[in-house]
Amino acid sequence: MNELHWWTAYGLADAIRGREVSAREALEYFVGRVEERDGPINSVVHWDLDRARADADDADRAIARGDELGPLHGVPITIKDSFQTEGCITTSGAPELADFVPTEDAWPVARLREAGAIVYAKTNLPIFAGDIQSYNEVYGTTNNPHDLSRTAGGSSGGSAAALAMGFTPLELGSDIGGSIRVPAHYCGVKGHKPSYGIVPAHGQIPGMPGTFTQADLAVCGPMARSARDLENVLKILAGPDRWNTAGWRLELPERPVDDFSQLRIAAWLDDPYCAVDASTTRVLGRLVEAIESAGGRVDTEARPDFTLEKVDTVFKALLFAALSGEHSYERIEELARIDGDTPFDRARRSAAQRHRAWLANNERRLQIRERWRTFFEHYDVILMPVQPRAAIPHDHSEPQWNRTVEIDGVERPYLDLFGWTGPAGAAFLPATVVPAGMSDDALPIGVQIVGPYLHDITTIRAARLISKLCGGPPRPQAAL
């Protein structure tokens with residue numbers, strides 16, 4: 001019980017099923033750990049303990065009866081507060097939803113409950129999941145467990161911080177511009193951005209409650225400390241959405257990935273368009289050396305047939321179009337008239353682009369997808385940075401897109417932090433993030449493992465090999 005907080009989700013499920021620990025004991029253990037340690041982190045922001053305790057007791061009775069059990073039977077978990085949870089307040093960080101109590105679970109939450117997981121609390125995020133820093137007027141700011149002066153990332157920042165602190169073995173994240181990948185990178189945990197369209201996200205906010213639309217580029221997927229958990233939970237979450245249930249079937253390609261020699265690996269580790277800092281260069285360079293020492297071969301010269309600038313431009317145009325629903329019609333008209341050429345100006349114009357402009361950007365996206373497809377005829381995965389640096393200091397200045405960040409002493413636009421999330425995001429590709437090392441100032445640095453469309457299992461299994469090589473998620477001092 002002393003190390004229960006570091007167990008994997010599936011290891012804990014096995015222990016509960018084998019009666020080494022009861023579901024109720026596991027739940028109370030995690031609750032006590034949050035109460036003791038979360039104060040300065042502020043990752044867990046709302047409890048659902050009455051229901052969780054009743055569910056845990058039911059789970060223990062089911063084991064005693066010899067009932068058929070789900071793969072996550074009795075495992076206590078937290079859930080990002082953008083996902084609706086039946087009977088439990090879900091705010092998505094928005095003051096107007098501070099008292100909103102859903103009448104049903106979001107689809108991915110329902111699938112986790114059906115697998116036996118017990119949701120006991122909600123975790124923090126930025127308002128409407130709209131930043132790579134997690135703070136809002138409802139619940140305040142989530143701090144990075146490795147350095148309280150830094151952000152835990154966003155939008156799944158509370159999720160990543162809770163995993164890093166050992167408050168949960170499993171989390172549910174969402175990602176449109178890096179919201180699974182960035183917090184995993186900042187906090188030193190694992191996260192998987194699935195191929196677009198394979199995990200239905202009905203019931204996530206945004207859109208507002210009752211919305212049927214699933215946004216362009218947006219996905220939801222698992223976050224954990226174990227790659228095995230990522231793989232198994234992805235299989236629980238994946239399936240048809242409400243529109244395709246009658247005829248849609250999914251069979252993700254699987255292949256053995258037991259050692260690096262079974263993978264054709266490329267690496268795109270830096271680029272003048274979005275240069276990474278010295279710590280990132282060092283960590284990712286050493287990772288390549290370690291893979292080759294372990295019997296793998298890494299082609300550091302291979303590139304898809306487009307530039308980082310090209311894919312980033314297309315990605316951001318599509319991203320801000322996908323986010324444009326937050327603006328009124330009048331505001332859209334104002335944005336359309338902006339004629340500046342700063343990154344902030346271009347972002348605002350993209351939110352107001354005409355449909356014909358979106359169609360042109362969508363065609364560019366499809367051209368990029370085809371070039372990725374051709375590239376992956378020769379490679380199984382490509383290693384990439386998640387961001388040009390480790391976790392940034394808190395900066396809540398407005399407007400968001402006018403912020404700047406420092407990268408190796410150079411002041412650069414805030415939007416540069418999205419420079420490496422676009423290649424996978426724009427092309428609907430799977431991307432798994434796993435800790436690869438530590439920066440010069442003792443902050444985690446992750447690597448992004450990108451693969452062909454629908455080859456999610458391959459990227460996760462590659463992440464498992466890399467995790468074994470790098471020693472797994474670093475444990476913050478605050479968690480020890």
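- Heavy atoms of other residues, nucleotides or ligands lying less than 6.0 angstrom from CD of E251 number 12 at most.
- Checked against a 6.0 Å centroid threshold, the rings of F418 and W401 count as neighbours.
- Every residue was checked against the side-chain hydrogen bond (donor to acceptor under 3.5 Å, both in side chains) condition with T458, not counting sequence neighbours, and none meets it.
- A salt bridge links R282 with D440; the closest basic N to acidic carboxylate O contact falls under 4.0 Å.
- In this pair, H355 and W358 present their aromatic rings parallel. The plane angle is below 30°, not in the 30 to 60° band.
- A donor-acceptor contact under 3.5 angstrom links the side chains of K80 and S156, judged on distance only.
- Side-chain N/O atoms of D277 and S279 include no donor and acceptor closer than 3.5 Å.
- At a cut-off of 3.5 Å, with distance as the only test, a side-chain donor of T123 or E171 sits close to an acceptor on the other residue.
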message: Under the criterion side-chain contact (heavy atoms from CB on, under 4.5 Å), I'd like the reasoning laid out for V109 against Q84: C-alpha separation, chi angles, the key distance, then a yes or no.
response: CA-CA 8 Å; V109 175; Q84 295 186 52; over 6 Å; no
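- Taking each heavy atom of A9 and L72 in turn, the nearest pair found is CB-CD2, 4.2 Å.
- When every heavy atom of R33 is checked against every heavy atom of A479, the shortest pair comes out as NH2-O, 2.6 Å.
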Test side-chain contact (heavy atoms from CB on, under 4.5 Å) applied to K316 and R346, step by step: CA-CA 9 Å; K316 285 172 180 167; R346 293 193 295 272; over 6 Å; no
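- Comment: R373 engages E370 in a salt bridge, judged by a side-chain N to carboxylate O separation of less than 4.0 angstrom.
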query: Does the side-chain contact (heavy atoms from CB on, under 4.5 Å) test come out yes or no for I392 and Q133, once each step is laid out?
result: CA-CA 9 Å; I392 62 171; Q133 301 180 64; 4.0 Å; yes
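- Crowding of R354 atom CZ: a count of heavy atoms from other residues, nucleotides or ligands under 6.0 Å not exceeding 12.
- When all heavy atoms of T211 and G207 are compared, the pair lying nearest together is OG1-C, 3.6 Å.
- For the 3.5 Å distance criterion, the side chains of H192 and T432 qualify, holding a donor opposite an acceptor.
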message: F167 vs S43, test: side-chain contact (heavy atoms from CB on, under 4.5 Å). Steps then yes/no.
response: CA-CA 9 Å; F167 298 154; S43 61; 3.5 Å; yes
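- More than 12 heavy atoms of other residues, nucleotides or ligands shown are found within 6.0 angstrom of CZ on R255.
- Of the charged side-chain nitrogens involved, at least one lies within less than 4.0 Å of a carboxylate oxygen, so that E398 and R403 count as a salt-bridged pair.
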